[in-house]
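These notes concern the structure reproduced below.
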Protein chains: 2
Amino acid sequence: MSSIKDVAKMAGVSVATVSRVLNDKGYVGRDTREKVEKAISELNYKPNEVARSLFKKQSSTIGLIVPDIMNPFFTELARAVEDTASNLGYNVILCNSDGNSKKEQGYLDVLQQNYVNGIIISSNTLTAEQVKAMNMPVVSIDREISRGLPTIVVENKNGAVAATQFLKKKGCKRIAHIRGTHGVVNAEERFEGYKEVVAAEEWYSDSYIVDGDYDMQTSVEATLDLLKRHPEVDGIFAANDIMAIGAIKVAHQLGIKIPEQLSIVGFDGIALTNVLTPELTTIAQPIYELGETAMNMLVGLMGQQPVHETYYKLEVTLIEKNST
Amino acid sequence: MSSIKDVAKMAGVSVATVSRVLNDKGYVGRDTREKVEKAISELNYKPNEVARSLFKKQSSTIGLIVPDIMNPFFTELARAVEDTASNLGYNVILCNSDGNSKKEQGYLDVLQQNYVNGIIISSNTLTAEQVKAMNMPVVSIDREISRGLPTIVVENKNGAVAATQFLKKKGCKRIAHIRGTHGVVNAEERFEGYKEVVAAEEWYSDSYIVDGDYDMQTSVEATLDLLKRHPEVDGIFAANDIMAIGAIKVAHQLGIKIPEQLSIVGFDGIALTNVLTPELTTIAQPIYELGETAMNMLVGLMGQQPVHETYYKLEVTLIEKNST
DNA sequence: CTTCATTAGGTAACCGGTTACACATTCAAT
DNA sequence: ATTGAATGTGTAACCGGTTACCTAATGAAG
């Protein structure tokens, strides 16, 4: 690898001049510029970003910490963040925390040491203190860490209300709910939305709520349990799509027809929902937009530009397919 | 952010000593070490990795270039690579090339400038020259760039043969094939495997082959076309799972029963296959192992340790579910 | 009492860039 | 002819670490 010194030597100028050519900064004579450019292309010289970062204290890299990239929601989010970052000239370091706070803190340390300019994170366990200790812009996505910190979330409660009301409107008489992971804010909010709609119904009891863990396996178990206890259930609102899919699988196994006997609504709007048969009715989040907004906000914060708005609560949309 | 100088000052020693404590290298007295450690924790000092990288010419970061993280195959691969990298103390910069060679080269440049230690890439367009120009270890995964370069692929042809023979054994009389993207080596190999099995059949003609592009949309169109021209088809081998799923969707639409009237086999073994109804019979690649092996090989190459083996062709496994 | 190996720790060069500052030249305006 | 602004380029400090090299003290062996 040739360095700026090699270029300088070959062009017969000082490194400062080469740097000026490189950055198009300061005065450089016509001839000199040409000589330098010739040397650069002849040596196929590429400036060393590490050296640059060291001086600038800016690495043009950001960290993205998600629980698990295998979760389709975060896959799409990651893609959105990476696209936007790439367009703006940033690199993305990918980190899978598995929702484990030890791993999370480990990644935070590593990112800090690598001079990343900022972080986008989806975490339940992170505290406001930890964020402050990072001493760099951190945007929280999908889950709110603390009021006042840059955050991008969606209308979880409204979405849940819409989902539940939609089931009611479709004629469902007994609507159950598969909850998301306990302790996760968005799961609580979706639960609240559900409860708000059904709490006043005369048939309602807490036994229509079962616990899932935002994944397939737990949802399958929860649904089996639910339908055993309440065979009369004719509508299920699952707190995310993966769990809704689990519920569909169970219904299939039990020979319950969807949507004739049982209607199911999910939440998230992951790409997977269109691949299934039946396709899933869901409350779609603008996932790509979430990632894009987060990245744009982060860039604003990193550039110490005045950032107008550091809290976004994006709208969700009911998308009707044939699971209802 | 406090630097090594602050620590040195606080502990009343030179920066060299602090560095020795940090790296546990060279001689450091008991008391001195304690003083330094106290200063470190008091200042919450974390060494600057950028400065370190500059000197070491090693950034402890690798690049991962995939066509699209949204493709479940690459999602799982990315997860495997990141897990392994993280365990070995490396960061992963994620790059989505969209199979676009311009984007690819752009990422390669950026990665090189960022002093990444190595690259794992899945590309059709990359040439051996480009790889050589990178002047750093590059491991090619899923697709072979050129003999001699570090590569990790699977037994595509054998897998395709197994899939096709399996359909035959299941009693299928007319077996069609949905091809993968033209120009992609693994698509060619899978096609060859299919052809090897059916070429000698008396019913066989090239019209049983339709072109897909490794995605849902093209597969749906291709399958519609296929089944219109050849309603007698009772077995389909799709070159990947996503396309197989597309075929299943079409069958559903046309009221064709799976597996009674039509059997379908995919290729890849993405997690999605277990989520569907019916679950998909597929030729499963050891995706996680692919990523793991690639990362381990890369670390070997980066550490200029003698790497025994730079070419892996991993086995695939037929997983029978209820789409056949 | 030397002598030399071992331990301890400081000084400064180096990694590859950027940029403040100094110095020189050119040229238009007075 | 004088002056000052604009232009062009080099020198060297700096970013925050690592490490080669040097000096000094200690202690065991001869």
Side-chain angles (χ1 to χ4, degrees), chain A residues 1-37 39-40 43-61 109-117 135-136, chain B residues 1-40 43-61 89 109-117 135-136:
Chain A
M1 284 293 281
S2 42
S3 80
I4 197 171
K5 273 182 204 152
D6 303 322
V7 176
K9 202 174 293 172
M10 179 174 242
V13 298
S14 75
V15 294
T17 303
V18 178
S19 179
R20 286 191 196 101
V21 172
L22 245 37
N23 299 293
D24 226 353
K25 233 179 204 172
Y27 299 111
V28 182
R30 231 188 174 308
D31 296 356
T32 314
R33 160 164 275 123
E34 270 166 24
K35 272 191 300 179
V36 171
E37 275 164 356
I40 287 178
L43 291 170
N44 188 29
Y45 165 75
K46 304 255 169 55
N48 181 325
E49 269 302 324
V50 175
R52 234 177 211 177
S53 300
L54 179 57
F55 187 87
K56 297 268 204 73
K57 295 170 183 289
Q58 296 272 335
S59 70
S60 73
T61 297
D109 290 346
V110 168
L111 291 175
Q112 191 171 38
Q113 293 179 58
N114 277 283
Y115 254 4
V116 300
N117 289 4
N135 211 18
M136 66 171 79
Chain B
M1 282 294 281
S2 43
S3 80
I4 198 171
K5 272 182 206 155
D6 303 322
V7 176
K9 200 173 294 172
M10 178 174 246
V13 299
S14 76
V15 293
T17 303
V18 177
S19 180
R20 286 191 195 102
V21 171
L22 245 38
N23 299 294
D24 226 353
K25 233 179 202 172
Y27 298 110
V28 182
R30 234 187 172 307
D31 296 358
T32 314
R33 160 165 275 123
E34 271 165 23
K35 273 190 299 180
V36 171
E37 276 163 355
K38 185 151 160 285
I40 287 177
L43 291 169
N44 186 27
Y45 165 73
K46 302 258 168 54
N48 181 326
E49 271 300 323
V50 176
R52 232 176 212 177
S53 300
L54 179 57
F55 186 87
K56 298 269 203 71
K57 296 170 183 290
Q58 296 272 336
S59 69
S60 72
T61 297
D109 290 345
V110 169
L111 291 175
Q112 190 170 39
Q113 293 179 61
N114 276 284
Y115 254 3
V116 301
N117 289 4
N135 210 20
M136 67 171 79

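Naming convention: chains lettered A, B, ... in sequence-line order (proteins, then strands); numbering from 1 in each chain.
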Is the shortest side-chain N/O distance from B:T17 to OP1 or OP2 of C:dG9 below 4.0 Å? no

Assign A:V18 to base, sugar-phosphate, or nothing according to its heavy-atom contacts below 4.0 angstrom with the strands shown. nothing

Is there a donor on the side chain of B:R20 or the base of C:dG10 sitting less than 3.5 Å from an acceptor on the other? yes

Please state how far atom CD1 in B:I40 lies from atom C1' in D:dG17, giving the value in whole angstrom units. 13 Å

Evaluate the side-chain contact (heavy atoms from CB on, under 4.5 Å) criterion for residues B:T32 and B:V13: first the C-alpha distance (whole Å), next the side-chain angles of each, then the deciding distance (0.1 Å), finally the verdict. CA-CA 8 Å; B:T32 314; B:V13 299; 3.7 Å; yes

Determine: side-chain N/O of B:S19 to OP1/OP2 of D:dT18, distance under 4.0 Å, yes or no. yes

Side-chain contact check for B:K5: nearest option of C:dT18, D:dC15, C:dG17 is D:dC15

Whole-Å gap separating P (D:dT9) and NZ (A:K9): 20 Å

Round to a whole Å and report the spacing from CD of A:E49 to C1' of C:dG16. 11 Å

For A:V50, report the nucleic acid contact type (base, sugar-phosphate, nothing); a contact means any heavy atom under 4.0 Å. nothing

Rounded to whole Å, please give me the gap between NZ in B:K25 and C1' in D:dA20. 12 Å

Distance alone, cut at 3.5 Å: any donor-acceptor contact between the side chains of A:N117 and A:Q58? yes

Grab the CG-P distance between A:D6 and C:dG17 for me, whole Å please. 9 Å

Residue-phosphate contact under 4.0 Å: B:N48 side-chain N/O, D:dC15 OP1/OP2: no

Salt bridge check, B:K38 against B:E34: does any charged N sit closer than 4.0 Å to a carboxylate O? no

Between A:K57 and D:dC14, is there a contact of a side-chain N or O with OP1 or OP2 at under 4.0 Å? no

So what does A:T32 touch, heavy atoms closer than 4.0 Å: a base, only the sugar-phosphate, or nothing? sugar-phosphate

Which whole-number value in Å describes the distance from B:R52 CZ to C:dG17 P? 22 Å

Closer than 4.0 Å, any side-chain N/O of A:S53 to the OP1 or OP2 of D:dC15? no

Show, in sequence, the C-alpha distance, side-chain angles and deciding distance for A:Y45 and A:I4, and conclude whether the side-chain contact (heavy atoms from CB on, under 4.5 Å) test is met. CA-CA 8 Å; A:Y45 165 75; A:I4 197 171; 3.7 Å; yes

Which nucleotide wins on minimum distance to the side chain of B:N23, given the candidates C:dT18, D:dC15, D:dT18? D:dT18

Want to settle it: does B:G12 or B:L54 sit nearer the 5' end of DNA chain C, counting the closest nucleotide to each? B:G12

Whole Å only: how far is the OH atom of B:Y115 from the P atom of C:dC15? 10 Å

Closest-nucleotide ordering on DNA chain D, the 5'-leading residue of B:Y45 and A:R33: A:R33

Measure from the side-chain heavy atoms of B:S3 and tell me the nearest of C:dT19, D:dG17, C:dG9. D:dG17

Does a side-chain N or O from B:K56 land closer than 4.0 Å to OP1 or OP2 of D:dG17, or not? no

Looking at A:Y27, I'd like to know whether one of its side-chain N or O atoms comes within less than 4.0 Å of OP1 or OP2 on D:dT7. yes

Rounded to the nearest angstrom, tell me the gap between atom CD1 in A:I4 and atom P in C:dC15. 14 Å

Any chance NZ of A:K46 has more than 12 other-residue heavy atoms, nucleotides or ligands included, within less than 6.0 Å? yes

As a test of understanding, state which of B:T17, B:N23, B:V21 forms a side chain to side chain contact (heavy atoms under 4.5 Å, CB included) with B:S19. B:N23

